[in-house]
Amino acid sequence: MTPRTRLQITAAAPDPALLDLPWDVPLADWPAERLAALPRGISRHTVRFARLSGRVVAIKEIGETVAYREYELLRQLSRLDVPSVEPVGVITGRTAPDGEPLEAVLITQHLRFSLPYRALFSQALRPDTATRLIDALAVLLVRLHLVGFYWGDVSLSNTLFRRDAETFAAYLVDAETGDLHDELTPGQRGYDLEVARVNIIGELMDLQAGEFLDEDVDAVAIGDALAERYEELWSALTSSESFGLNERWRVQARIERLNDLGFDVGELDITTDIDGTTVRIQPKVVDAGHHSRRLMRLTGLDVQENQARRLLNDLDQFVAAMDRQNDDETFVAHDWLTEVFEPAVRAVPRDLRPKLEPAQLYHELLDHRWFLSEAQKRDVPMREAVKSYTKDILPTRPDEESVLGVSAADLREDADVVPNRD
């Protein structure tokens, strides 16, 4: 009999509860009572969700060297504030009771309210869902490339999505093939983009074959749209612009355009030509999250970018309605939070709140109030809108914190092993 090796846990903040999980059992054979019934996306490896100290973690069986490498990459991406899953740790030295070695595992924090793309398409969503997912993925890919991260296997399968008002926000969930550089070459960016285009076309065609997506949807056109959206955004964030000395207002105009896209400009490279008649500007440091940072500063709410944009618009309407344009915005924002936002969310019955995160819930309440007001030709109060929404709309919504709109069994047949696309 092969002698048993010692279990080794590598984690920034080790949780003693990790020792209670059955590491001597192959992940595919873990008992149901240890697992959280969440749908899994497509993966080349065995992946399971488990409950750990009141939270849910994702556990992936993978080779030891690759597990450590991906763990470190995810830690670096987290420090760079790039949307990605949070690494928890790596466990090696696993052996079965008969001494048979078992693969190492990478453990990551489950991203609450996130949805694999297949679970999204199992719901009754708007026809342009695929386009909105592609837009979110393009933004994520640009953000990764800006910090020098080469993904290597961009796809919907390697991404999780969270609702962000009427759009989605994308998060990297698999960094196995990635690499971090000081700066990417145009060739590296172009290869990543082409891999993304080809993978996405294949994934959408697979959805069509499974009757999750209308067959009239042009998968190739959507894949091409990803490349177009990426190039437009990359150009807006990185291209240089020249103008005359008498047009210096264009510096602020460029900054405002980037703010409208949801990015802050941390540093601009401003140069003049030899005779001093032309100015050239180029963003050097660009950080995503302009609106979410402003909302966080004003209210303490930590939300997605488009949710923040919607909530800030509602705050602006509150300022106008209360005629408080000349008041300190921090004080006004506090009053909006305590008098408008929080009462609306608290008015939703407690058992229905886990269906959506609070910012998304409030966004949908605003939409519902608008539809009611249009239909009834009057300004419907928020309290009345909440009552209608929680009676007629919210109970039919899937619980996105725990169920995500599809049972784990629905995705289990093809969730665990997929041929390598390389």
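These figures come from a predicted structure and were not determined experimentally.
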Practice task
Mark yes or no for whether S235, through its side chain, and E232, through its backbone, hold a donor-acceptor pair below 3.5 Å.
Solution key: no

Practice task
For residues D164 and A169, report the shortest heavy-atom separation together with the two atoms involved.
Solution key: CB-N, 4.0 Å

Exercise for the section: May I ask you to test the Q208-V217 pair for a side-chain heavy-atom distance under 4.5 Å? Expected result: yes

Practice task
Check for a donor-acceptor pair, side chain of R51 on one end and backbone N or O of R34 on the other, with a separation under 3.5 Å.
Solution key: no

Practice task
With side-chain hydrogen bond (donor to acceptor under 3.5 Å, both in side chains) as the test, would you mind laying out the steps for H363 and E166 before giving the verdict?
Solution key: CA-CA 9 Å; H363 159 73; E166 290 300 317; 2.9 Å; yes

Exercise for the section: Check whether any side-chain N or O of T396 sits under 3.5 Å from a backbone N or O of I393 as a donor-acceptor pair, and report yes or no. Expected result: yes

Completion exercise
salt bridge (charged side-chain N to carboxylate O under 4.0 Å, His left out) pairs touching residues 178-195, sequence neighbours excluded, are R69-D179, E194-R197

Handout entry: Residue list, salt bridge (charged side-chain N to carboxylate O under 4.0 Å, His left out) with E339, at least two apart or on another chain
Key = none

Handout entry: Check against side-chain contact (heavy atoms from CB on, under 4.5 Å), I201 and I222
Key = CA-CA 7 Å; I201 291 172; I222 292 176; over 6 Å; no

Problem - Donor-acceptor contact below 3.5 Å, side chain E100 vs main chain T95 - result: no

Exercise for the section: For the pair R75 and E72, find out whether any cationic side-chain nitrogen is under 4.0 Å from an anionic carboxylate oxygen. Expected result: yes

Fill in the blank from the handout: Hits for ring pair (Phe, Tyr, Trp, His ring centres under 6.0 Å) against F341, two or more places apart or cross-chain, chain-then-number order -> W336, Y362

Completion exercise
In this structure, NE2 of H291 is separated from CG of D264 (nearest 0.5 Å) by 9.0 Å

Problem - Donor-acceptor contact present, side-chain D269 to main-chain I281, <3.5 Å - result: no

Practice task
Indicate yes or no for a side-chain donor-acceptor contact from E61 to the backbone of L27 under 3.5 Å, with no hydrogens or angles considered.
Solution key: yes

Exercise for the section: Give a yes or no on this: more than 12 heavy atoms of other residues, nucleotides or ligands lie within 6.0 Å of atom OH of Y150. Expected result: yes

Problem - Atom CD of E211 with >12 non-hydrogen neighbours under 6.0 angstrom - result: no

Practice task
In plain terms, say whether R163 and E357 are close enough for a salt bridge, that is, a side-chain N and a carboxylate O under 4.0 Å apart.
Solution key: no

Practice task
Taking the side chain as every heavy atom from C-beta outward, state whether H145 and W151 have any atom pair closer than 4.5 Å.
Solution key: no

Practice task
Using the side-chain contact (heavy atoms from CB on, under 4.5 Å) rule, take E203 and I200 through it: C-alpha gap first, then chi angles, then the decisive distance, then the call.
Solution key: CA-CA 5 Å; E203 288 168 322; I200 286 162; 4.0 Å; yes

Exercise for the section: Write out all pairs satisfying salt bridge (charged side-chain N to carboxylate O under 4.0 Å, His left out) with one or both partners inside residues 296-315, taking only residues at least two apart or from two chains. Expected result: R297-E329, R310-D367

Exercise for the section: Please answer whether the main-chain N or O of A104 pairs with a side-chain N or O of E64 as donor and acceptor at a distance below 3.5 Å. Expected result: no

Handout entry: Approximate separation, where rounding is to 0.5 Å, of R353 CZ and L361 CG
Key = 9.0 Å

Exercise for the section: Would you name the heavy atoms of L366 and M382 that are closest together and state the gap between them? Expected result: CD2-CE, 3.7 Å

Completion exercise
Those residues at least two apart in sequence (or on a different chain) that pass salt bridge (charged side-chain N to carboxylate O under 4.0 Å, His left out) with E256 are none

Exercise for the section: Verify the neighbour count for atom NE2 of H181: are there more than 12 heavy atoms of other residues, nucleotides or ligands below 6.0 Å? Expected result: yes

Problem - Pair R369-D379, salt bridge (Lys or Arg N to Asp or Glu O under 4.0 Å): steps then yes or no - result: CA-CA 8 Å; R369 184 175 67 170; D379 187 13; 5.2 Å; no

Handout entry: Any Y230 side-chain heavy atom under 4.5 Å of L137 side chain
Key = no

Completion exercise
With sequence neighbours left out, the residues meeting side-chain hydrogen bond (donor to acceptor under 3.5 Å, both in side chains) with Y171 are Q304

Handout entry: ring pair (Phe, Tyr, Trp, His ring centres under 6.0 Å) partners for H368, two or more places apart
Key = Y389

Handout entry: D135: partners by salt bridge (charged side-chain N to carboxylate O under 4.0 Å, His left out), with sequence neighbours left out
Key = R229

Practice task
Please tell me if the side chains of N158 and D153 come closer than 4.5 Å, counting only heavy atoms from C-beta onward.
Solution key: yes

Handout entry: Sequence neighbours excluded - ring pair (Phe, Tyr, Trp, His ring centres under 6.0 Å) pairs with any residue from residues 9-35
Key = W23-W30

Practice task
Give a yes or no answer on whether the side chain of Q282 reaches the backbone of T238 with a donor-acceptor pair at less than 3.5 Å.
Solution key: yes

Handout entry: Min side-chain heavy-atom separation F149-L172 under 4.5 Å
Key = yes

Fill in the blank from the handout: In short, L337 meets T299 closest at the heavy-atom pair CD2-O, 3.5 Å

Handout entry: Under-4.0 Å salt bridge between D24 and R94
Key = no

Exercise for the section: Using atom types as modelled and distance alone, determine if a side-chain donor or acceptor of S239 lies under 3.5 Å from a backbone N or O of A236. Expected result: no

Handout entry: Contact check, side chains of F161 and L133, non-hydrogen atoms, under 4.5 Å
Key = yes

Completion exercise
Across all chains, not counting sequence neighbours, the salt bridge (charged side-chain N to carboxylate O under 4.0 Å, His left out) partners of R254 are E241

Exercise for the section: Please name the pair of heavy atoms, one in T390 and one in P349, separated by the smallest distance, quoted to 0.1 Å. Expected result: CG2-CD, 3.7 Å

Practice task
Go through the steps for I9 and V90 under the test side-chain contact (heavy atoms from CB on, under 4.5 Å), then give the verdict.
Solution key: CA-CA 6 Å; I9 301 176; V90 173; over 6 Å; no

Handout entry: Side chains of L372 and S388 in contact at under 4.5 Å (non-hydrogen atoms)
Key = yes

Exercise for the section: Taking Q188 for its side chain and T185 for its backbone only, find out whether a donor-acceptor pair lies under 3.5 Å. Expected result: yes

Problem - Partner residues of V85 under the side chain to side chain contact (heavy atoms under 4.5 Å, CB included) criterion, sequence neighbours left out - result: L74, T108, L160, V173

Problem - Heavy-atom check, side chain of E103 versus side chain of T46, under 4.5 Å - result: no

Exercise for the section: Output all residues satisfying side chain to side chain contact (heavy atoms under 4.5 Å, CB included) with A225, sequence neighbours left out; order by chain, then residue number. Expected result: none

Practice task
Could you walk me through whether M205 and V220 pass side-chain contact (heavy atoms from CB on, under 4.5 Å), step by step?
Solution key: CA-CA 9 Å; M205 287 180 173; V220 174; 4.2 Å; yes

Problem - Nearest atoms (heavy-atom pairs only) where P283 meets L258 - result: CG-CD1, 4.0 Å

Exercise for the section: Locate the shortest heavy-atom distance separating A136 from F168; write the atom from each residue and the value. Expected result: CB-O, 3.2 Å

Handout entry: R350 atom CZ: more than 12 heavy-atom contacts under 6.0 Å
Key = no

Handout entry: Pairwise distance CG(D15) to CD1(I107) - rounded to 0.5 angstrom
Key = 9.5 Å

Problem - Note: K60-E70 ion pair, threshold 4.0 Å (strictly below) - result: yes

